[in-house]
Trainee: 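Input: one structure, supplied below.
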Amino acid sequence: MYDLRFLRDNLDSTREQLGPRGADVPWDNLRTLIEQRRALTTQVEQRRAELKKGSEDVAKLKREKQPADAAMAAMKAVGEQIKTIEDELRGAEEALTDLNLRIPNLPHASVPAGKNESSNVEARRWGTPPTLTAPAKSHWDLGEALGILDFDRAAKIAGARFAVLTGAGARLERALINYMLDLHTTEHGYREVLPPLLVNRTSMTATGQLPKFEEDLFRLRDEDYFLIPTAEVPVTNLHRDEILAETSLPIRYTAYTPCFRREAGSYGKDTRGLIRLHQFNKVELVVFAKPEQSYEELERLTGHAEAILQGLGLHYRVITLCTGDMGFSAAKTYDIEVWLPSQNHFREISSCSNFEGFQARRGGIRYKGPAGKKDAKTEFVHTLNGSGLAVGRTLVAILENYQQPDGSITIPDVLRPYMGGLERIHNE
RNA sequence: GGAGAGGUGGCCGAGUGGCCGAAGGCAACGGUUUGCUAAACCGUCGUAGGGGCAAAACCCUUACCGAGGGUUCAAAUCCCUCCCUCUCCGCCA
């Protein structure tokens with residue numbers, strides 16, 4: 001969503017900068033609606049001023065015990081005109097808002113141009129692939145053989161794209177969640193949040209999932225609630241319609257939540273294993289920052305996600321997404337991809353984005369200097385978030401990268417305290 | 001789920017049809033006073049849309065008293081619907 005005055009003054013340059021991202025925006029219609037809204041607003045305000053004045057005159061006449069019938073009749077006519085114009089104005093505003101909510105964010109100047117993922121740019125790489133003495137097995141083969149992953153029973157109780165973790169598998173998932181939360185809260189300065197997993201339509205609209213991507217979400221049948229696809233939604237909405245104190249920024253939150261995604265349109269992709277599920281666990285990082293500090297915060301936040309992989313000793317690379325591969329709301333995104341030996345390539349395990357003021361405008365998230373100060377302006381904050389990390393995919397990476405020739409899994413040192421000292425997962 | 005009470009500016013709180021965008025208090029900010037702190041006193045102190053202008057300052061104007069409709073010349077105030085909070089009862093982890 002864009003500021004209307006900005007959009008009016010910069011419609012052509014916005015269209016140009018969005019390029020293919022803005023292909024399905026009806027630009028001419030948008031221009032017409034903006035002008036229409038402005039013209040109708042002026043009209044209705046003039047009439048309202050007239051009505052206000054007229055009504056005051058009526059009050060005065062009545063106080064002086066003078067007849068007021070003529071003035072009242074005249075104002076009745078003005079009132080009817082106002083209603084007519086208001087209806088038109090409301091229609092224009094609704095159409096305009098609906099269009100405005102469907103325009104993607106402008107990419108930051110540092111984002112490489114490109115149509116699709118082939119134009120993404122690798123920023124850096126950390127570590128090396130593990131040296132395996134036997135051909136790498138997939139995490140689903142390893143996990144099922146160890147008796148810690150059960151896809152058949154998951155399909156029975158829920159359906160495709162669900163998983164059951166058991167025994168050391170379940171404990172490893174829990175260990176990862178705790179390891180991530182502990183690192184972020186004690187070393188990286190985040191405040192832990194445990195939010196609702198169901199949110200309302202307004203919250204989904206603020207972060208950008210709605211109105212455009214409703215088919216990606218699970219929705220309740222009897223009430224207008226949605227299952228969160230990421231903790232970004234409830235945590236960013238924590239400060240919706242608030243004015244934050246400038247001194248409180250940056251605000252950093254971390255949250256563990258399950259995430260729910262319909263994965264409509266991904267039929268046939270990643271059908272096996274834990275990579276793409278309808279329900280998965282994620283530890284999320286969310287930051288509210290002042291505009292001038294937000295890109296510095298993006299680097300920092302990405303580093304915090306990387307620190308998890310480094311602690312686990314997992315080989316990864318960081319990718320700067322090009323304009324064509326970024327999500328709807330992002331101005332700049334880094335993807336972190338972890339090495340998976342069985343697939344012999346990197347897979348996304350985290351996505352870290354700066355949304356600049358895009359979500360803040362949709363959700364009315366602002367900040368202000370000290371109250372009463374003359375130069376204290378109210379401005380939209382910048383919001384950022386990143387996975388720190390996707391827990392299921394991290395478990396996949398551990399199974400595959402730490403697999404032994406006998407099919408057992410060595411547990412990374414940092415997780416052992418969370419596993420009751422367990423050093424290796426054997427067949428149960 | 002049943003019964004009742006209520007939602008007013010950062011907070012508290014007055015206001016039941018007409019100069020009410022809203023008294024008063026607290027907090028905050030600026031200042032005077034002060035050895036320092038405190039107190040006292042003076043002043044400032046909401047958000048947004050449109051216009052004056054290309055912008056800032058400033059000025060004009062409109063809207064906003066939970067949200068949306070309605071009645072009326074005129075609505076914080078009356079009516080309807082919805083949302084939320086609180087209390088009691090029921091149910092429940």
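A, B, ... follow the sequence lines: proteins, then strands. Residue 1 opens every chain. For clarity, every value in this text was computed on a predicted model and none was experimentally measured.
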Trainee: Can you list the residues that meet the ring pair (Phe, Tyr, Trp, His ring centres under 6.0 Å) rule with Tyr190(A), with sequence neighbours excluded?
Mentor: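 With neighbours one apart ignored, the set is His184(A), His304(A).
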Trainee: Could you tell me how far apart Glu246(A) (CD) and rC29(B) (P) are, to the nearest whole angstrom?
Mentor: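 About 14 Å, once rounded to whole Å.
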Trainee: Could you give the CG-to-P distance, from Leu40(A) to rU62(B), as a whole number of Å?
Mentor: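 It works out to 18 Å between those atoms.
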Trainee: Quick one: list whatever passes side-chain hydrogen bond (donor to acceptor under 3.5 Å, both in side chains) with Tyr316(A), sequence neighbours left out.
Mentor: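 Partners of Tyr316(A) under the side-chain hydrogen bond (donor to acceptor under 3.5 Å, both in side chains) test: Glu306(A), Gln310(A).
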Trainee: Does the Thr236(A) side chain pair with the main chain of Val233(A), one donor and one acceptor, at a distance under 3.5 Å?
Mentor: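 No, Thr236(A) side chain to Val233(A) backbone: no donor-acceptor pair under 3.5 Å.
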Trainee: Val111(A) versus Met326(A): any side-chain heavy-atom pair under 4.5 Å?
Mentor: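 They are in side-chain contact.
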Trainee: Is a donor on one side and an acceptor on the other found under 3.5 Å between the side chain of Gln403(A) and the backbone of Glu400(A)?
Mentor: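 Yes, the answer is positive, given that a donor and an acceptor are paired below the 3.5 Å cut-off.
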Trainee: Rounding to the closest angstrom, what is the interatomic distance between rC19(B) and rA75(B) at atom C1'?
Mentor: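 Taking atom C1' in both rC19(B) and rA75(B), they lie 15 Å apart.
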Trainee: In the structure I gave you, are the side-chain heavy atoms of Ile275(A) and Leu340(A) within less than 4.5 Å of one another anywhere?
Mentor: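 A side-chain contact under 4.5 Å exists here.
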Trainee: On a whole-Å scale, what distance lies between the P atoms belonging to rG4(B) and rG25(B)?
Mentor: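 About 39 Å, rounded to a whole number of Å.
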Trainee: Can you tell me how far P in rA38(B) sits from the matching atom in rG31(B), rounded to whole Å?
Mentor: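 My reading of the P atoms in rA38(B) and rG31(B) gives 14 Å.
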Trainee: Provide the distance between the two C1' atoms, one in rG7(B) and one in rA14(B), to the nearest whole Å.
Mentor: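 Between the two C1' atoms, the distance is 16 Å.
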Trainee: Under a 4.5 Å cut-off applied to non-hydrogen side-chain atoms, are Asp325(A) and Ile319(A) in contact?
Mentor: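 Asp325(A) vs Ile319(A): side chains apart.
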Trainee: How many whole angstroms separate atom CZ of Arg8(A) from atom P of rG49(B)?
Mentor: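 Spelled out: CZ on Arg8(A) to P on rG49(B) is 11 Å.
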Trainee: For Glu56(A), what residues pass the side-chain contact (heavy atoms from CB on, under 4.5 Å) criterion, not counting sequence neighbours?
Mentor: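 Partners of Glu56(A) by the side-chain contact (heavy atoms from CB on, under 4.5 Å) criterion, ordered by chain and then number, come out as Lys52(A).
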Trainee: Expressed in whole Å, how much space separates the P atoms belonging to rG69(B) and rG10(B)?
Mentor: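 The same atom, P, in both gives a distance of 23 Å.
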Trainee: With RNA chain B as reference, determine whether Glu50(A) or Asp3(A) sits nearer its 5' end, using the nearest nucleotide of each.
Mentor: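 Taking each residue's closest nucleotide, the earlier one in sequence belongs to Asp3(A).
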Trainee: On a whole-Å scale, what distance lies between the P atoms belonging to rA27(B) and rG50(B)?
Mentor: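 After rounding to an integer number of Å, I get 37 Å for this pair.
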Trainee: When you compare rG6(B) with rC65(B), how far apart are their C1' atoms, in angstrom units rounded to a whole number?
Mentor: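 Straight-line distance between the two C1' atoms is 14 Å.
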Trainee: Run through Arg393(A), Arg347(A), Arg161(A) and flag the one making a salt bridge (Lys or Arg N to Asp or Glu O under 4.0 Å) with Asp270(A).
Mentor: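 It is Arg347(A), the one option of Arg393(A), Arg347(A), Arg161(A) that forms the salt bridge (Lys or Arg N to Asp or Glu O under 4.0 Å) with Asp270(A).
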Trainee: For Glu86(A) and rU62(B), what is the distance between atoms CD and P respectively, to the nearest whole Å?
Mentor: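 Atom-to-atom, Glu86(A) to rU62(B), this comes out as 14 Å.
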Trainee: Determine the interatomic distance between C1' on rU34(B) and the same-named atom on rC45(B); round to the nearest Å.
Mentor: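 Taking atom C1' in both rU34(B) and rC45(B), they lie 25 Å apart.
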Trainee: Requiring both pairing distances under 3.5 angstrom, list the stems that contain RNA chain B and are made of three or more consecutive Watson-Crick or G-U pairs.
Mentor: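 Stems (3+ consecutive pairs) listed as B:1-7 with B:83-89, B:10-12 with B:24-26, B:28-32 with B:40-44, B:46-52 with B:58-64, B:66-70 with B:78-82.
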Trainee: Between Gln46(A) and Phe380(A), which is nearer to the 5' end of RNA chain B once each is assigned its nearest nucleotide?
Mentor: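 Looking at RNA chain B, the more 5' nearest nucleotide goes with Phe380(A).
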Trainee: Taking 4.0 Å as the cut-off, does a side-chain nitrogen or oxygen of Arg5(A) come that near to OP1 or OP2 on rA55(B)?
Mentor: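 Answer is no, no contact under 4.0 Å.
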Trainee: Please pick, from rA55(B), rG49(B), rU47(B), the nucleotide with the shortest atom-to-atom distance to any side-chain atom of Asp9(A).
Mentor: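 When the side chain of Asp9(A) is considered, rA55(B) is the closest of rA55(B), rG49(B), rU47(B).
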Trainee: So if I define the base as every atom that isn't primed, P, OP1 or OP2, how would nucleotides 63-73 of chain B read as a B/S/- string at a heavy-atom cutoff under 4.0 Å?
Mentor: S-----S-S-B
Trainee: For the pair made of NZ in Lys53(A) and C1' in rU62(B), what is the distance, rounded to whole Å?
Mentor: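 In whole Å, rU62(B) C1' and Lys53(A) NZ are 17 Å from each other.
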Trainee: Nearest whole Å is fine: how far is rU47(B) C1' from Leu244(A) CG?
Mentor: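 Those two atoms, CG and C1', are 15 Å apart.
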Trainee: Which nucleotide in the set rG49(B), rG50(B), rC84(B) lies at the smallest distance from any side-chain heavy atom of Tyr225(A)?
Mentor: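 Among rG49(B), rG50(B), rC84(B), the one nearest the side chain of Tyr225(A) is rC84(B).
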Trainee: Write down the distance between CZ (Arg47(A)) and C1' (rG49(B)), rounded to a whole number of angstrom.
Mentor: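 Answer to the nearest Å: 18 Å.
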Trainee: Tell me which nucleotide among rG49(B), rU47(B), rG18(B) gets nearest to the side chain of Arg63(A).
Mentor: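 Closest nucleotide to the Arg63(A) side chain: rG18(B).
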Trainee: Residues in ring pair (Phe, Tyr, Trp, His ring centres under 6.0 Å) with Phe358(A), at least two apart?
Mentor: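 So Phe358(A) forms a ring pair (Phe, Tyr, Trp, His ring centres under 6.0 Å) with Phe328(A).
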Trainee: Under 4.0 Å between a side-chain N or O of Thr378(A) and OP1 or OP2 of rU47(B)?
Mentor: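 So the side-chain polar atoms of Thr378(A) do come within 4.0 Å of the phosphate oxygens OP1 or OP2 of rU47(B), strictly under.
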Trainee: Taking the side chain of Lys368(A) as its heavy atoms from C-beta onward, which of rU47(B), rA55(B), rU61(B) lies nearest to it?
Mentor: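 Of rU47(B), rA55(B), rU61(B), rU47(B) is nearest to the side chain of Lys368(A).
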Trainee: Round to the nearest Å and state the distance from Tyr367(A) atom OH to rU47(B) atom C1'.
Mentor: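 Nearest whole value for this atom pair: 17 Å.
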Trainee: Among Ile336(A), Asn385(A), Leu389(A), Thr333(A), which residue meets the side chain to side chain contact (heavy atoms under 4.5 Å, CB included) test with Ser351(A)?
Mentor: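 For Ser351(A), the side chain to side chain contact (heavy atoms under 4.5 Å, CB included) check succeeds only for Thr333(A).
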